[in-house]
Engineer: 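So that we are looking at the same thing, I have put the structure below in structure tokens.
To find a chain, count down the sequence lines: A is the first, B the second, and so on, and within it residues start at 1.
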Protein chains: 2
Amino acid sequence: MRRKVTLKQIAKELDVSISTVSKALRNSIEISEDTRQKVQAFAKLYNYRPNNIALSLKNRKTKTIGIIIPEIVHHFFSKVITGIELVANNRGYNVIVGLSNESFDKEVINMQMLANGSIDGFILSIAKETLQQQDYHHFIETIDQGMPIVMFDRVVNEIPCDKVIVDDVKGAKQAVGKLIANGCKNIAIITTRDYVSVGKLRTQGYLEALEDHKIHPKGSLILKIEDKLLSDDDLDKLEKEIEMLFKSNKSIDGVFAVNELYAVTAIKVARKLGLEIPKSLQVISFTDGVLSKHSTPSLTTVSQHGQKIGEKAADLLINRLELDEGDEEEEEIYETVVIETELIERESTKK
Amino acid sequence: MRRKVTLKQIAKELDVSISTVSKALRNSIEISEDTRQKVQAFAKLYNYRPNNIALSLKNRKTKTIGIIIPEIVHHFFSKVITGIELVANNRGYNVIVGLSNESFDKEVINMQMLANGSIDGFILSIAKETLQQQDYHHFIETIDQGMPIVMFDRVVNEIPCDKVIVDDVKGAKQAVGKLIANGCKNIAIITTRDYVSVGKLRTQGYLEALEDHKIHPKGSLILKIEDKLLSDDDLDKLEKEIEMLFKSNKSIDGVFAVNELYAVTAIKVARKLGLEIPKSLQVISFTDGVLSKHSTPSLTTVSQHGQKIGEKAADLLINRLELDEGDEEEEEIYETVVIETELIERESTKK
DNA sequence: TTTTAACACGAAAACGTTTGCGTTGCCCAA
DNA sequence: TTGGGCAACGCAAACGTTTTCGTGTTAAAA
């Protein structure tokens, strides 16, 4: 087993000083052509690579980005990570991932684990529990210590940081508008409780779309699901609730769901009740994932371009990190970037 | 902005030496009760946390695990990460993620980025391109340098490291056995080219199951897909190929697919051709993901327990890391853990 | 021959920790 | 009075880098 070789070892072996080795490897003109070649040859032979940790310590930066997300088994979030990783790597950064599992405590712990020098900045999406408790001190403290944060998707305005979001209202409005344009008269929405910011916003978009078309919203057409982590029991409950919705509102001819799962479940229930998709019921869901694309019928969805969100977030963070380099303590003006949504038409709506 | 406070600053402020501060914080008996309390109070007030990087440098270990996987937008892989993160966190480790995107070069680069001190060990699943080229020098070199690797799912025997795999042969055999037991006489398999180790093994399981039941395998029932990254074009091609399969083998009454996508696509095509699921065609797929669970009809699948694989892999790696601590250079006996698969019956097979 | 400048290299500090050991100052016993 | 012993603390090294600032040698200029 050949352990990793260090400058010191090379220096000793070649009987020169550590500084000489370092300079030779960095092609300093201070070092003679002769020595330089000798050192470089030796370094190559022993496959020398500078120790990252030592560099991090010296440079006071790790070239590593911390990501904290609620869960990773989720098409949207993994797309975002893909985007982050892509630009991070291109710009010479690594990516370290922490999962909050929608829990406030885990979010705090994870951030503390990483904030002690392991990373240069955070990219994160807030856990549901945190959103519910509205306790954001850990974000504030992190930022106070000079560590920048970029939030995406689930953000909260009061935190001073860059944000990358999707125009949930607009996307939802567009989707519902599409349903209306396609002739739907009684459009139901299946959404989450209001503390989930995106659920609330999408509901708002739904309402605005109706209003724009002079349709009076009916409370009975708005189904708000309490979404915990979905166990199989919850799934059953979801089906029941949707079934109730359909049964007590026979005239429903359009459904807007705030996520894929609600949409496919709605379709499943509707079919059981004898509705034909998209003939007698049209469905659009937010979030474009595997389910939308590959289930039958495939779903018309509002795509959030998760990867683009990740890319943008990473760019924002790294820009700030490398800007901080120049002069510390500048104006601190934060940006909120809105990534456009896109309506992807598939089989669950009429042509 | 309150920058992070260091031992040095505390020492200066309290007019004691750095070592005194360090010892006081670690409750050394060398330090008087008085000083200890003073230091601890001050540290608490300023929210002192030891700098991780400095600790890593000193201890020559980072308490961080590097994960290299082909892609993250994939139910199985993200489940594995969930498992890894879970036990890693519990055991005080962080997790840093690199994506090879199925490319050999990216795999190598990613490993090099991390191997220079950033992490203590790797958990990885090999990229398809690497499998194809059969060039494993980067793994060997990493291990040679004393950095342990744990491979999962896509492994290759010749590398001396711990491995966590699924018994692909057995799982496939079980699935096909189920189809046979359910009365299928002409079972097709939709699989990948042989260089994808798991594809090959699952095909082998299929063949063994047939053999066990004295069924002679027909070449025309074995469809091997060239699976690149799946663009929409590839998807079309996939459909075409499957359609051909059905059309030239009208008697097919069972399909075993090596992944979810192949399975749902097969179902889609079959339906188009007028086949009823599961009445006239039963389908089982390997890999239990969102598609299987939520598409209609839901799929009977072979679950690999991705999370458990991740947990086991992390345990193996950390055990080895913390064992190495005691006495260097022990026997180096590597373990291959097989995680049992499980047949999850849903609507795509008969009861 | 003496001064000077270029050249090639080394010493040391710094990043933030931990820790073995040395060094005080003091009290008590001989 | 002297020595031993202990309590409480500081010094310095080490982890692996980079970089600033010397320093010594040599050859050219005066």
Engineer: Under 3.5 Å, is there any donor-acceptor pair linking the side chain of S17(B) to the base of dC9(D)?
Structural biologist: no

Engineer: Hey, are S32(A) and T35(A) close enough side-chain-wise for a donor-acceptor pair under 3.5 Å?
Structural biologist: yes

Engineer: I31(B) CD1 to dC6(D) C1': how many Å, rounded?
Structural biologist: 15 Å

Engineer: Answer yes or no: side-chain N or O of K4(B) and base N or O of dG16(C) forming a donor-acceptor pair under 3.5 Å.
Structural biologist: no

Engineer: Considering every strand and a 4.0 Å limit on heavy-atom distances, what is the contact class for S19(A): base, sugar-phosphate, or nothing?
Structural biologist: base

Engineer: Counting only side-chain N and O atoms of R60(A), is one of them less than 4.0 Å from OP1 or OP2 of dG16(C)?
Structural biologist: yes

Engineer: Any donor-acceptor pair under 3.5 Å joining the side chain of T35(B) to the base of dA8(D)?
Structural biologist: no

Engineer: Looking only at N and O atoms, is any donor in the side chain of K58(B) or the base of dG16(D) less than 3.5 Å from an acceptor on the other one?
Structural biologist: no

Engineer: When N89(B) is tested against each of I109(A), N101(A), N110(A) for side-chain contact (heavy atoms from CB on, under 4.5 Å), which residue passes?
Structural biologist: N110(A)

Engineer: Pick the closest DNA chain D nucleotide for S32(B) and for A54(A) by heavy atoms, then say which residue is nearer the 5' end.
Structural biologist: S32(B)

Engineer: Write down the distance between CG (N27(B)) and P (dT19(C)), rounded to a whole number of angstrom.
Structural biologist: 13 Å

Engineer: What do the steps show when you test L321(A) against K61(A) for side chain to side chain contact (heavy atoms under 4.5 Å, CB included), and what is the final call?
Structural biologist: CA-CA 9 Å; L321(A) 289 175; K61(A) 62 184 140 183; over 6 Å; no

Engineer: Can you see whether E13(A) engages Q9(A) through a side-chain donor-acceptor pair at a distance of less than 3.5 angstrom?
Structural biologist: no

Engineer: Check Y136(A) against V156(A) and note the closest heavy-atom contact, atom names and distance.
Structural biologist: CE1-CG2, 3.6 Å

Engineer: I need the NZ-P distance between K23(B) and dA7(D), as an integer number of Å.
Structural biologist: 15 Å

Engineer: Please report the distance, rounded to the nearest Å, between OH in Y48(A) and C1' in dT18(D).
Structural biologist: 10 Å

Engineer: Examine dT18(D): is either OP1 or OP2 under 4.0 Å from a nitrogen or oxygen in the side chain of S22(A)? Give yes or no.
Structural biologist: yes

Engineer: Starting at atom CG of N116(A), determine the distance to atom P of dT17(C), rounded to an integer number of angstrom.
Structural biologist: 10 Å

Engineer: Is the shortest side-chain N/O distance from R26(A) to OP1 or OP2 of dT17(D) below 4.0 Å?
Structural biologist: no

Engineer: Which whole-number value in Å describes the distance from E30(A) CD to dT23(D) C1'?
Structural biologist: 12 Å

Engineer: Between the base of dC7(C) and the side chain of E33(A), is one N or O donor paired with an acceptor at under 3.5 angstrom?
Structural biologist: no

Engineer: If I take atom CG in residue L7(A) and atom P in nucleotide dA11(C), what distance separates them, rounded to the nearest angstrom?
Structural biologist: 15 Å

Engineer: Below the 4.0 Å mark, does dC15(C) have OP1 or OP2 next to a side-chain nitrogen or oxygen of K61(A)?
Structural biologist: no

Engineer: Distance check needed: dC15(C) P versus L57(B) CG, whole Å only.
Structural biologist: 14 Å

Engineer: May I ask you to say what R49(A) touches in the nucleic acid, namely base, sugar-phosphate or nothing, with a heavy-atom cut-off under 4.0 Å?
Structural biologist: sugar-phosphate

